[in-house]
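This report refers to the structure that appears directly beneath it.
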Amino acid sequence: MSPLFSLFLLHIIVSAAGAQLRPHYYSESCPKAEAVVRHVMKKALIREPRSLASVMRFQFHDCFVNGCDASLLLDDTPTMLGEKLALANINSLRSYEVVDEVKEALEKVCPGIVSCADIIIMASKDAVALTGGPDWEVKLGRLDSLSASQEASDNVMPSPRANASFLIDLFGKFNLSVKDLVALSGSHSIGQGRCFSIMFRLYNQSGTGRPDPVFDPKFRGKLNKLCPLNVDQNVTGDLDATPVVFDNQYFKDLVAGRGFLNSDQTLFTFPWTRAFVQLFSRDQHEFFKAFVEGMIKMGDLQVDQQGEVRRNCRVVNSRLL
């Protein structure tokens, strides 16, 4: 990681400390904002349950790249390569249309008031609460970025091959603790992952030409059937045994050797993170509490930059004129 990038991460952390975010930010300017977001997310859940997992992960993929500024949502332009086609996002992130629906609904109620960056934070929280997870009070008041950067995303977002040591270092640069890392990884309690992300674990872990020895044998056999060598690697499998319910099953699966991604299973095999995996596998309340704390801390990440409230989350306002 370059010194320049390390300084950039420090800039995010320092800026976050002075951010003027607060609960009930829209209580006067758009008092129905949070209710509108929840209503649209409920409709999305009925239409396609998997979409909520996708929307929830927008917060991580947005906030780790230039802070929580909805840069993730910008479409490419002739002069800008945005983040949607970044390595961690292409063929992985989906359901952008849900955010579009939320924005459209809010523009009807209070045009030009609620930022797309705040929509991501509210929708992520609702995705968790509506699938059985905790609910919490979010801090709002973010502005939307005027640009995006595919390079910035590629430089920071971790690979599904990442190990716990790398992840601890990365999260630490954003002032997120080991406990935060493990709890936030519990976002994989809902949703699915692609065969692309696990082929090396199944057939060539660490260049050995063999599967990851940590796999539970029965689980590995299930994944071999889902993801044979000649599979379309965009085929998806469940990230845990209860993929539409936000609970602590994800951690129980890690303890049993049934983690889908290497970046998940490594949290149990690595000594510094194992104790938190074990705790959360036994105590769902502790997981929920730690997850909320981590999401709030991650939502505080910001950088000092110009911003606006976009009227369309995919395009900066100047391009709408």
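What you see below is based on every heavy atom in this structure, not just the backbone, and it leaves out hydrogens, waters and symmetry mates. All of these numbers come straight from a predicted model, not from anything done at the bench.
Residues that satisfy the side chain to side chain contact (heavy atoms under 4.5 Å, CB included) test with Ser95, not counting sequence neighbours, are Ser51, Ser54, Val55, Glu97, Val98.
When atom types are taken as modelled, the side chain of Gln59 and the backbone of Met295 share a donor-acceptor pair closer than 3.5 angstrom. Using a distance-only test at 3.5 Å, with no hydrogens or angles considered, a donor-acceptor pair links the side chain of Thr266 to the main chain of Ala164. With Ser206 contributing its side chain and Thr208 its backbone, the two residues share no donor-acceptor pair below 3.5 Å. No donor-acceptor pair under 3.5 Å is formed between the side chain of Asp264 and the backbone N or O of Gly259. Judged by distance alone, with hydrogens and angles left aside, the side-chain atoms of Ser124 form a donor-acceptor pair with the main-chain N or O of Met56 at under 3.5 Å. No donor-acceptor pair closer than 3.5 Å links the side chain of Lys179 to the backbone N or O of Gly294. With Arg310 contributing its side chain and Cys313 its backbone, the two residues share a donor-acceptor pair below 3.5 Å. A donor-acceptor pair under 3.5 Å is absent between the side-chain atoms of Asp76 and the main chain of Leu81, judged by distance alone. Between the Glu308 side chain and the Asn317 main chain, a donor and an acceptor come within less than 3.5 Å of each other. In this structure a side-chain-to-backbone donor-acceptor pair under 3.5 Å is missing from Asp144 to Ala70.
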How far apart are the C-alpha atoms of Asp180 and Lys297, what are their side-chain angles, what is the distance that settles it, and do they pass the salt bridge (charged side-chain N to carboxylate O under 4.0 Å, His left out) test? CA-CA 9 Å; Asp180 294 328; Lys297 288 171 68 174; 2.6 Å; yes
Carefully, step by step, assess Glu107 and Lys103 under the rule salt bridge (charged side-chain N to carboxylate O under 4.0 Å, His left out). CA-CA 6 Å; Glu107 287 296 297; Lys103 181 61 173 174; 3.0 Å; yes
Kindly determine whether Arg50 and Thr236 satisfy side chain to side chain contact (heavy atoms under 4.5 Å, CB included), including the steps that lead there. CA-CA 11 Å; Arg50 184 185 169 197; Thr236 58; 3.6 Å; yes
So Asp216 and Arg220, salt bridge (charged side-chain N to carboxylate O under 4.0 Å, His left out) or not? Walk me through it. CA-CA 6 Å; Asp216 168 74; Arg220 189 185 73 214; over 6 Å; no
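In this model, a donor atom of one side chain and an acceptor atom of the other lie less than 3.5 Å apart for Asp247 and Thr242. A donor-acceptor contact under 3.5 angstrom links the side chains of His24 and Glu137, judged on distance only. No hydrogens or angles considered: nothing links the side chains of Asp118 and Tyr25 as a donor-acceptor pair under 3.5 Å. Between the side chains of Asp240 and His188, no donor-acceptor pair is found at a separation under 3.5 Å. Side-chain contact of Asn262 with Arg161: a donor-acceptor pair under 3.5 Å is absent, judged by distance alone. For the 3.5 Å distance criterion, the side chains of Ser145 and Gln305 fail to qualify, holding no donor opposite an acceptor.
Proximity of Ile90 to Lys84: side-chain heavy atoms (C-beta onward) are nowhere separated by under 4.5 Å. Looking at heavy atoms from C-beta onward, Glu48 lies in side-chain contact with Arg94 at the 4.5 angstrom threshold. Looking at Asp238 and Phe260, their side chains never come closer than 4.5 Å, going by heavy atoms from C-beta outward. Put simply, the side chain of Phe171 does not reach to within 4.5 Å of the side chain of Ser177, judged on heavy atoms. Arg142 has its side chain out of reach of Asp69: every pair of non-hydrogen atoms, C-beta onward, lies at least 4.5 Å apart. Side-chain contact between Leu21 and Gln302 is present, with heavy atoms from C-beta onward closer than 4.5 Å. For the pair Arg274 and Val277, the minimum side-chain heavy-atom distance is 4.5 Å or more. The side-chain heavy atoms of Arg22 and Leu140, taken from C-beta on, include no pair separated by under 4.5 Å.
Atoms OG and CG, from Ser165 and Leu170 in turn, are 11.5 Å apart once rounded to the nearest 0.5 Å. Here the CE-OG1 distance, from Met41 to Thr131, works out to 9.0 Å after rounding to the nearest 0.5 Å. From Ile121, atom CD1 reaches atom OG of Ser115 across 9.0 Å, with rounding to the nearest 0.5 Å.
When hydrophobic clusters are built by joining Ile, Leu, Val, Met, Phe, Trp and Tyr residues whose side-chain heavy atoms come closer than 4.5 Å, directly or via intermediates, Leu202 is grouped together with Phe219. Clustering ILVMFWY residues whenever any of their side-chain heavy atoms sit less than 4.5 angstrom apart, transitively, puts Val138 in a cluster other than the one holding Leu143. Cluster annotation: Phe200 and Leu87 are assigned to distinct hydrophobic clusters (Ile/Leu/Val/Met/Phe/Trp/Tyr, side-chain heavy-atom contacts under 4.5 Å, transitive). Ile120 and Phe174 fall within a single hydrophobic cluster, where Ile, Leu, Val, Met, Phe, Trp and Tyr are joined by side-chain heavy atoms under 4.5 Å apart, directly or via other members. Tracing side-chain contacts under 4.5 Å through hydrophobic residues (I, L, V, M, F, W, Y), one reaches Val102 starting from Leu130; they form part of the same cluster.
Annotation for Glu151: atom CD does not count as buried by contact number, only 12 or fewer foreign heavy atoms lying within 6.0 Å. Surrounding CZ of Phe196 are at most 12 heavy atoms belonging to other residues, nucleotides or ligands under 6.0 Å away.
Screening Phe287, Phe268, Phe276 against Phe251 for a ring pair (Phe, Tyr, Trp, His ring centres under 6.0 Å) leaves a single residue, Phe287. Between Phe291 and the options Tyr250, Phe280, Phe246, a ring pair (Phe, Tyr, Trp, His ring centres under 6.0 Å) holds for only Phe246. When the options Asp253, Val214, Ile198, Asn163 are evaluated for a side-chain contact (heavy atoms from CB on, under 4.5 Å) with Gln265, the one that passes is Val214.
Counting all heavy atoms, side chain and backbone alike, Ala44 lies closest to Leu52 at C-CD1, 3.8 Å. When all heavy atoms of Thr273 and Val178 are compared, the pair lying nearest together is CG2-CG1, 3.7 Å. A pairwise comparison of heavy atoms in Met80 and Asp75 identifies CE-O, 3.3 Å as the closest pair. The shortest non-hydrogen separation linking Gly67 to Val303 is N-CG1, 4.4 Å. The two residues Val255 and Ser281 have their closest heavy-atom pair at CG2-OG, 3.9 Å. Listed here is the closest heavy atom pair of Ile190 and Val244: CG2-C, 3.9 Å.
Both tests do not hold together for Arg210 against Tyr203: distance to the six-membered ring centre under 6.0 Å, angle to the ring axis within 45°.
Sorted by first and then second residue, the pairs that involve residues 146-251 and meet disulfide (SG to SG under 2.5 Å), not counting sequence neighbours, are Cys195-Cys227.
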